[in-house]
Structure formats: C-alpha cells, structure tokens
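This report refers to the structure that appears directly beneath it.
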Amino acid sequence: MLLAAQTGEAIAPQVPSPPAPPVVVGAPDAPATTPGDPDRTEAEVQRSSAAADVVVTARRRAEQAQNVPIPISVVGVKELDATGSFNVQRLQQLQPTLQFYSTNPRNSSVNIRGLGAPLGLTNDGIDQGVGVYIDQVYLSRVAAATLDFLDVQQIETLRGPQGTLYGKNTVAGAINITSRAPSFTFEGRAEVTVGNLEFKQAKASVSGPITDQVAIRLGLAATSRRGTVFNVATGNYVNEQDNVGLRTAILYKPSEDLSFTLAGDYSRQNPECCAQVFVRVGSTQRAANRQFDALAAALNYEPPSRDAFDRVTDLDADLNARNELGGLSLRGEYALGEGTLTSVTAYRFWKWLPANDRDFTGLPITTLSQNPTRQDQYTQEFRYAGEGKGFDYVVGLFGFYQDIHTTGTQRQGAAASRWLIAPPAGGCVAGSTALACDPSVLDGLTASNDIRLKNFSGAIFGKLNWNVTDQITLSPGARLNYDDKVGSYVSIVRDAAGNLVPYSGGTARQAAQRDAIQPQAFEDEAFRAWNATYDITASYKPSRDVLVYGTYAHTFKSGGLNLNGVPVVNGVVQTQLAQIDPEKVDHFELGAKTQFWDRRVTLNVTGYWTQISDYQAIVNNQSTSTLRGYLANAGKVRVRGVEADFSVRPSDRFTLYVNGAFSDAKYLDFENAPCPPERSGGPAAPIGSPGGAAGVPGAQSPVLCDISGQWLPGISKFAFSYGGEYNLPAQVFGNDGEAYVGIDANSRTKFSSNASRSIYTDIDGYTLANVRAGFRTDSGVNVFGWVRNAFDTEYYEVLATTPGNTGLIAGNVGDPRTYGLTVGLSF
C-alpha cells in the first residue's frame with residue numbers, strides 16, 4: 001500500500017481550535033488534524049519514529065487502512081506534489097494495478113487490474129467499470145480523470161468490485177478523491193513550478209473562518225506546457241497542456257452533531273490536441289494496391305517521418321480538445337443515535353468540444369471529425385453509518401440521472417475516393433471513369449450524427465460488519481439495482497450536393513459512398529433491468545498488526561445501449577444489436593495486511609481471481625456482412641493475479657517502497673472478435689489459431705476471429721512501482737530544515753494495445769524514473785528540482801489501427817525527459 005510519505009504516516013495541517021476532537025485525514029468534512037495527538041504539528045508527525053496508520057474512508061467511515069479488508073492504495077498530498085502526480089495519468093506511475101489510456105479526453109479509459117472499460121471504443125450508452133468519486137460525488141465520465149487534481153488531500157484507490165458501500169456499482173474498483181476541507185484555523189498553501197517545454201504550473205489554496213460556525217476554502221490551479229509534437233503542416237507544436245481549475249467549499253457547522261458543506265468547482269482544458277503520429281506500417285492480406293505504401297505512393301504522399309520519436313506530424317485537419325466540467329454539491333452530516341446520517345446532493349455537467357484528424361495523415365481523406373457532447377447528471381445519496389454491540393453497518397439509497405446529447409460530424413475530402421475505394425487493375429490513368437479515380441465521389445460526403453441518452457439508475461445497498469469474536473469479523477453486503485436507459489442514434493449522410501445517401505440500393509456511386517459512411521437510424525431504444533449484487537468478507541485479526549481476509553463477490557456491470565451505431569444489412573438496421581447485456585462477475589480474493597518492527601515496515605499481499613461472463617467488448621457478428629466494429633457481449637474473460645505492497649522506514653532519514661503486481665488477463669471465450677490488421681482481407685484461418693477466424697475455411701475477408709486465450713488489452717503481466725527518499729538536517733539562509741533526495745520509478749512488461757492482439761500493436765515494456773532533490777523547513781517552505789523520465793526512455797502510451805485497414809499504425813508517444821523547479825509555501 002502506498003502510504004503517506006511512503007512511511008505509513010497520515011499528514012495533515014495543524015489542528016483547529018479546541019475543543020474539537022482529533023479527526024483523521026480523509027474523513028468527510030473532517031477538521032484537519034493529526035491522528036492521536038491534537039498538539040502535534042505536521043513536522044512532528046513526519047518525524048515520528050513509529051509510523052501511525054494512514055486513515056481512509058473507503059468503507060464510508062474513518063478507519064486505519066491496515067484494518068480494512070480491502071486492497072487499497074493511498075497517496076497523500078505530499079506524494080502528489082513531490083512526484084508531479086497532478087492527474088490520473090500521472091497517478092498510475094505510482095500504482096501498478098491502475099491503468100489509464102487516452103487518445104483524447106473523451107476517448108479515455110481508467111482500468112484497475114485490466115478491467116473497467118473496453119480499450120479503443122468510447123460509447124455513451126454504457127457505464128464505466130471503475131468509479132471516480134470526488135468528495136463522495138460519483139463522476140460518470142472518464143473525461144473527469146484527465147483534468148488536474150484540485151486542492152486534494154488524499155486519493156484512495158480501491159481494487160476489486162465496489163457496490164455494497166458506494167453509490168454507483170463498479171466491478172473493477174473505485175478511485176476515491178478527498179479534497180481539503182474548510183478549516184476554522186486560517187491556513188494556506190501555494191506552489192509554483194517552471195520547467196522545460198515551457199511548462200508552468202501554479203496551485204494555491206486558502207482557508208479560514210468567516211464566523212464561529214462558518215469556514216470557507218478557495219483553491220485554484222493552472223497548468224500549461226508547449227506541445228511535444230511538431231506539426232510541419234501548420235508550424236505549431238501540438239499535444240500541449242492548457243488547464244485551469246477552480247474550487248470553493250463552505251462549511252457550516254451549527255453544532256458538534258450537524259454540518260453542511262456546499263462545494264462548487266469548474267475545470268477547463270483547451271489544448272491544441274490530440275495528434276497520434278505515424279508509428280509503422282504492417283502488412284495486411286489485402287491486395288497490394290490497397291495497402292498504405294501503395295496508396296501513399298499513388299497520391300505522392302510520404303509521412304514527414306517514419307520514426308515516431310522524431311515527434312513530428314503533418315495533420316491537415318483542425319485539432320482541439322476543449323473539455324469543460326464542473327458542478328455543485330451539498331453534503332450534510334448529522335450525528336443521529338449511534339451513527340451518522342449523510343446526504344449528498346450533486347449536479348455535474350460535462351461539455352466536450354473537439355476537432356480531430358481521423359485519417360492520421362497529411363492527406364485530405366477525412367477533413368472533419370468531431371463529436372461535441374453535452375452531459376448533465378444529477379445524483380442523490382442517503383447513507384446511514386451506525387454501530388451496535390458487536391457490529392457496525394452502512395445502509396444507503398442512491399439515485400442517478402444522466403442526460404447526454406452528442407452531435408457528431410464526419411466529412412470526407414478530395415483524397416478519400418482514391419484512398420477508400422478499390423482502384424482498377426491498371427490504376428488511375430488519364431480518362432479513367434473508375435469511382436476510385438473520381439475525387440468527387442467522396443469529396444464533401446458528410447455524416448451528421450445525433451446521439452441522445454437518458455439514463456436513470458437507482459439502488460438500495462448495505463454492508464454489515466459483525467464481530468463474531470474479538471478476532472473474527474464477517475462482513476456480508478448486498479445491493480438491489482435498477483437501470484433504465486433510453487437512447488437514439490441517427491446518422492444522416494449527404495453527398496457534396498446535399499443529396500441523401502440511401503440505406504441500400506441506388507447507384508454504384510451511392511453504394512461506394514455508403515461503404516465509406518453508412519447512414520442509419522434507430523430511436524427510443526431502451527434497456528431496463530433489475531440486478532442484485534452480494535458479497536461477503538471474512539477477516540481474522542490475530543494481533544494488532546496482522547489482518548487476514550477473504551472475499552467473494554457476485555456483481556455486475558450495468559447493461560446499456562450501443563450508441564456508436566450498429567451493422568446495417570441490406571438496408572435494414574440491426575436494432576436487435578442495439579442493446580448490451582450486463583456483465584456478470586464472480587470475484588474471489590485472499591489477502592493479508594501486516595506491519596512489524598514497531599510499524600516501521602508494512603507488507604500487504606493480495607491474490608485475486610475475477611471471471612466475467614457477457615463481457616462488454618468490441619465485436620463483429622457472423623450474421624452480418626459488414627466489417628463495422630460495434631459494442632456487444634462477448635463470451636468470458638478471466639483476470640487473476642497477485643499484488644504485493646511493501647514499505648519500510650528504518651530511520652527518520654530514510655524511506656523505501658516497492659509495489660508489484662502479477663496479472664494473468666485473458667479472453668477465455670471470444671469467438672466473434674474483430675480480426676487484427678494482419679488478418680484483414682485474408683482467408684479465414686482455423687478456429688483457435690493465432691488471429692484465426694471463426695468462419696468457414698477458405699472464406700475471404702473474414703469479419704470475425706476467434707481470439708480465445710489471447711491477452712486482454714492494456715494490462716502487463718508484471719508491473720512495479722518503487723522508490724525512496726533520504727534526508728539530512730540542514731540550514732539554508734538561517735532556516736532550519738532538511739535536505740532531501742528522492743527517486744520514484746515504475747516498470748511494466750509488454751502489453752497489447754488493440755482489442756484483438758496484433759503483432760503490430762504490442763507495446764514493449766519500459767521503465768520510467770523520476771528524481772527530485774530539495775530543501776524543506778518546518779515552517780512550510782519546500783524548494784526542489786525534479787527530472788521526470790530521467791533516462792529519456794522512448795515509449796508508447798497507446799498504439800492504434802487506423803480507418804480503412806491499410807496497415808497504418810498510429811500512436812501516442814510518451815513524454816520525453818522533462819525537468820524543472822518547484823517552490824512551495826504553506827502556513
């Protein structure tokens with residue numbers, strides 16, 4: 001487990017005015033105190049020779065992390081600042097079982113243990129498998145995870161199904177983010193960072209009392225950085241950073257038993273982003289004149305570089321990734337009887353205004369591709385956490401409503417005909433009347449999409465912790481959930497003259513246009529279902545510093561609607577494929593949490609086995625003749641593994657941590673998968689062979705392949721994070737403090753970056769190392785220099801096949817070496 005300062009200490013500002021009792025870090029609306037002794041300062045806590053347990057609210061009550069029978073990783077504000085982990089993408093470098101992939105904010109996925117969302121397809125009609133919560137408010141869009149953390153106190157990552165304690169059911173885990181609470185003691189902090197690539201970041205927050213009963217906190221953050229990829233077509237650096245965030249919270253505490261927190265926030269990204277660069281060309285089984293190099297030669301095109309780490313592109317379409325989100329929440333807590341009644345009411349919005357170049361080249365193939373989206377969500381949760389003689393419990397009600405409206409546009413350009421339509425045997429010569437040789441066939445062809453979703457989810461849930469003896473606890477939990485989704489997908493396609501392209505029939509010209517962009521429509525498709533979740537955990541605590549536990553959970557991921565379109569066969573929209581069944585999950589887990597050597601050493605080990613039926617994935621269907629990928633249910637998936645988290649503090653001067661994960665993640669049964677690019681255009685292979693099709697031997701252009709036994713995308717077999725810090729007493733300009741040097745690194749082995757594993761989209765393993773050195777004082781001054789990706793490792797974050805099945809592979813290259821200086825002050 002990643003503990004605060006990697007030592008097991010809970011770090012917090014100074015205590016508010018007495019007689020408020022000491023409350024632990026992470027508790028909702030908790031006064032910011034150090035656990036155990038309200039007179040200890042932050043510096044004294046950091047120097048304590050015996051590490052106090054980090055305290056979390058994973059089970060909706062304040063508990064020491066080592067006493068919670070759930071695998072949890074905890075990162076405090078000190079680690080977030082020291083390692084530059086200002087968003088989830090950076091956070092994954094500290095937590096080997098957390099995976100984050102993004103080609104732009106909308107096309108992002110957050111996975112835990114390889115589960116959460118299908119890699120490579122964003123779909124408004126399905127839920128996420130990993131819940132992201134900020135101050136107990138569920139965020140339904142992964143886009144929220146791409147924004148900067150704002151005035152955060154700590155982040156808890158819970159691994160495994162979470163549905164009997166949390167508002168929204170999630171099958172893979174939850175990321176629980178706790179902001180700094182308003183304080184009745186005046187306090188503040190500010191931090192400024194500058195670095196290469198014109199990196200600039202400023203963060204500040206201030207808090208204090210307005211009256212004896214009202215306190216306020218204000219926070220802001222801004223980040224900017226020059227892009228890491230140069231666009232030779234426009235003369236601009238792209239894939240830049242341009243983020244701004246604001247947050248405020250007002251705490252009203254009329255009595256010791258009652259409090260209300262009103263919070264509001266707004267975050268905005270507005271970078272010129274997101275370009276995927278040329279990586280390689282992989283041969284397919286299509287005709288030679290239908291593969292990338294031949295098509296590029298026919299159009300006198302050559303990429304600006306065939307080395308992705310030259311970091312250049314020539315994209316000719318506009319790029320933008322404007323991403324806005326924010327909201328309001330009101331949380332009330334009332335000490336009632338032997339427990340606490342909590343109400344959380346929230347409104348959130350998300351607005352996405354993109355522009356993309358979806359042909360990944362400098363050719364005018366697709367000149368406009370965008371899906372502007374507006375979402376509004378409303379949540380209400382009531383929860384009571386109580387206790388009795390020999391037991392405690394949580395019961396709750398949760399309601400969620402979401403309204404999404406997406407209006408997409410795709411337009412083809414002058415090079416589209418030659419690129420997307422098969423040319424005559426002799427190629428395009430002067431006077432040819434072949435459709436591929438006539439730019440006007442596809443030039444200006446435009447699809448206008450209208451996608452709508454109304455999504456309601458309601459649940460009642462509860463969890464009981466029954467102390468059978470002083471050492472044995474049984475913790476059953478249950479959830480009853482109802483989902484109601486109603487959605488529409490309408491795609492109208494017109495040629496350059498404004499004429500409608502029919503669903504079927506028509507001229508050869510219209511058939512070619514339909515092959516490029518298929519019009520279709522279905523409206524008021526509905527998914528409605530009840531589902532029950534249950535779990536049970538047995539834990540045994542033979543001593544103060546040892547906890548052994550086992551868990552079984554039977555849970556689900558909500559079904560939904562396929563709102564990226566479905567196949568059209570002979571002009572008939574296959575609306576029976578619009579609905580997606582729920583995933584059915586069986587999860588087993590065994591774990592042990594231990595501390596020894598006066599709690600200077602922490603070692604936690606977890607083994608798990610998760611099996612999913614009706615896994616939601618990108619599939620093809622043998623009953624259709626289309627090659628279009630869409631979302632549906634595929635057979636079975638299994639993920640199993642072992643995780644170990646180790647930290648040690650042999651002295652006040654030295655800390656060390658190592659976290660590791662072994663994962664075996666594969667499709668057990670997936671016969672209707674999309675074929676990898678190397679199988680495109682070729683004959684079907686025997687069932688079960690690598691990349692083999694599950695079709696009729698000898699058939700041409702298989703539309704599906706059996707990939708049973710292959711890796712799940714996005715997860716490495718081995719992943720590690722490790723590092724440490726050493727400090728010495730020092731004096732600078734008459735100020736007493738400590739000089740320190742630290743290193744944080746992470747390593748992972750090869751992983752697949754495609755829904756169906758391909759020889760062209762495996763990403764080799766890599767190691768990233770970050771180092772820092774600085775000086776800090778007890779009074780809150782912290783100055784340090786840092787280097788990230790210190791060895792300038794060249795690596796890919798994501799590789800992707802591109803439209804048209806030409807063999808072109810594009811990708812996101814990871815950041816190069818960056819360095820800078822951070823100056824922080826707190827009081």
Side-chain angles (χ1 to χ4, degrees), residues 28-29 57-60 110 116 124-145 147 150 156 158 162-171 173-179 247-250 259-267 324-334 340-351 373-385 394-405 453-463 479-487 527-528 531 533 556-558 560:
D29 287 334
T57 55
R59 297 198 294 183
R60 297 313 194 194
V110 177
D124 291 336
I126 63 168
D127 293 341
Q128 306 302 317
V130 174
V132 179
Y133 294 83
I134 298 181
D135 299 324
Q136 305 186 45
V137 176
Y138 171 71
L139 305 183
S140 62
R141 304 306 308 181
V142 175
L147 296 167
L150 181 59
E156 305 163 16
L158 287 71
Q162 308 297 326
T164 61
L165 280 166
Y166 277 71
K168 197 74 170 71
N169 186 69
T170 53
V171 298
I175 299 174
N176 187 26
I177 301 171
T178 302
S179 302
R247 180 182 183 273
T248 185
I250 299 174
S259 67
F260 296 94
T261 302
L262 177 64
D265 67 278
Y266 170 80
S267 296
E324 298 180 39
L325 61 87
L328 294 169
S329 68
L330 176 63
R331 183 171 70 247
E333 294 182 313
Y334 178 48
T340 301
L341 177 65
T342 301
S343 170
V344 184
T345 306
Y347 162 72
R348 305 289 305 173
F349 74 87
W350 174 54
K351 186 160 59 175
T373 297
R374 170 75 190 207
Q375 173 200 290
D376 295 280
Q377 76 163 57
Y378 306 84
T379 56
Q380 174 63 59
E381 183 171 352
F382 294 105
R383 187 176 64 250
Y384 184 76
V394 175
V395 293
L397 292 170
F398 176 75
F400 167 84
Y401 178 75
Q402 177 186 46
D403 190 345
I404 300 178
H405 186 197
L453 175 70
K454 295 186 183 299
N455 177 12
F456 169 78
S457 179
I460 180 172
F461 58 90
K463 185 79 168 181
R479 178 189 186 92
L480 182 62
N481 201 94
Y482 177 70
D483 290 294
D484 188 326
K485 296 182 173 76
V486 179
F527 171 85
R528 297 182 176 94
N531 279 286
T533 291
F556 72 98
K557 179 182 173 184
S558 173

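Residues passing the ring pair (Phe, Tyr, Trp, His ring centres under 6.0 Å) test with Tyr482 are Trp530, sequence neighbours excluded. A search for side chain to side chain donor-acceptor pair (under 3.5 Å) contacts involving Asp376 returns Tyr347, Arg374, not counting sequence neighbours.
Annotation: the span from Lys463 atom NZ to Thr164 atom OG1 amounts to 4.0 Å, rounded to 0.5 Å. Atom OG1 of Thr178 sits about 8.0 Å away from atom CD of Gln136, to the nearest 0.5 Å. Summarising the geometry, atom CZ belonging to Phe400 is positioned 11.5 Å from atom OH belonging to Tyr378; distances are rounded to the nearest 0.5 Å. Here CG of Asn169 is found 11.0 Å from NZ of Lys557. Values are rounded to the nearest 0.5 Å. To the nearest 0.5 angstrom, Glu156 atom CD is 10.5 Å from Ile177 atom CD1. The distance from atom CG of Asn455 to atom CD1 of Ile126, rounded to the nearest 0.5 Å, is 11.5 Å.
The heavy-atom pair separating Asp124 from Leu453 by the smallest distance is O-CD2, 3.1 Å. Taking all atoms of both residues into account, the shortest heavy-atom contact from Ser343 to Phe382 is OG-CE2, 3.5 Å. Closest of all the heavy-atom pairs between Ala346 and Val137 is CB-CG1, 3.6 Å. When every heavy atom of Arg479 is checked against every heavy atom of Tyr166, the shortest pair comes out as NH1-O, 3.0 Å. In plain terms, the two heavy atoms of Thr170 and Gly131 that are nearest each other are CG2-N, 3.3 Å. In this structure, Asn481 and Ala459 approach most closely via the heavy-atom pair OD1-CB, 3.4 Å.
Crowding of Ile460 atom CD1: a count of heavy atoms from other residues, nucleotides or ligands under 6.0 Å not exceeding 12. Around the CZ atom of Phe349, the shell of radius 6.0 Å holds more than 12 heavy atoms that belong to other residues, nucleotides or ligands.
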- Query: Can you check side chain to side chain donor-acceptor pair (under 3.5 Å) on Gln375 and Ser140, steps first, answer last?
  - Reply: CA-CA 10 Å; Gln375 173 200 290; Ser140 62; 3.2 Å; yes
- Message: For a side chain to side chain donor-acceptor pair (under 3.5 Å) check, start with the C-alpha distance between Gln380 and Tyr401, then their side-chain angles and the critical distance, and finish with the verdict.
- Response: CA-CA 9 Å; Gln380 174 63 59; Tyr401 178 75; over 6 Å; no
- Derivation of the side chain to side chain contact (heavy atoms under 4.5 Å, CB included) call for Val110 and Gln128: CA-CA 8 Å; Val110 177; Gln128 306 302 317; over 6 Å; no
- Item | Step-by-step side chain to side chain contact (heavy atoms under 4.5 Å, CB included) determination, Thr533 to Asn531 | CA-CA 7 Å; Thr533 291; Asn531 279 286; 5.8 Å; no
- Message: Does Tyr133 form a side chain to side chain contact (heavy atoms under 4.5 Å, CB included) with Leu158? I'd like the steps, not just the answer.
- Response: CA-CA 11 Å; Tyr133 294 83; Leu158 287 71; over 6 Å; no
- Message: Lys485 vs Ser558, test: side chain to side chain donor-acceptor pair (under 3.5 Å). Steps then yes/no.
- Response: CA-CA 10 Å; Lys485 296 182 173 76; Ser558 173; 2.9 Å; yes
- Could you give me the CA-CA distance, side-chain angles and deciding distance for Arg528 and Val486, then say whether side chain to side chain contact (heavy atoms under 4.5 Å, CB included) is met? CA-CA 9 Å; Arg528 297 182 176 94; Val486 179; 3.6 Å; yes
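Between Ser457 and the options Thr379, Asp127, Asp483, Asp484, a side-chain hydrogen bond (donor to acceptor under 3.5 Å, both in side chains) holds for only Asp483.
Side chains of Arg383 and Phe398 form no contact here, defined as non-hydrogen atoms less than 4.5 Å apart. A 4.5 Å side-chain heavy-atom check between Gln402 and Trp350 finds every atom pair outside the cut-off.
At least one donor-acceptor pair under 3.5 Å links the side chain of Asp135 to the backbone N or O of Ser179.
A salt bridge between Asp265 and Arg348 is present, with a side-chain N of the basic residue lying under 4.0 Å from a carboxylate O of the acidic one.
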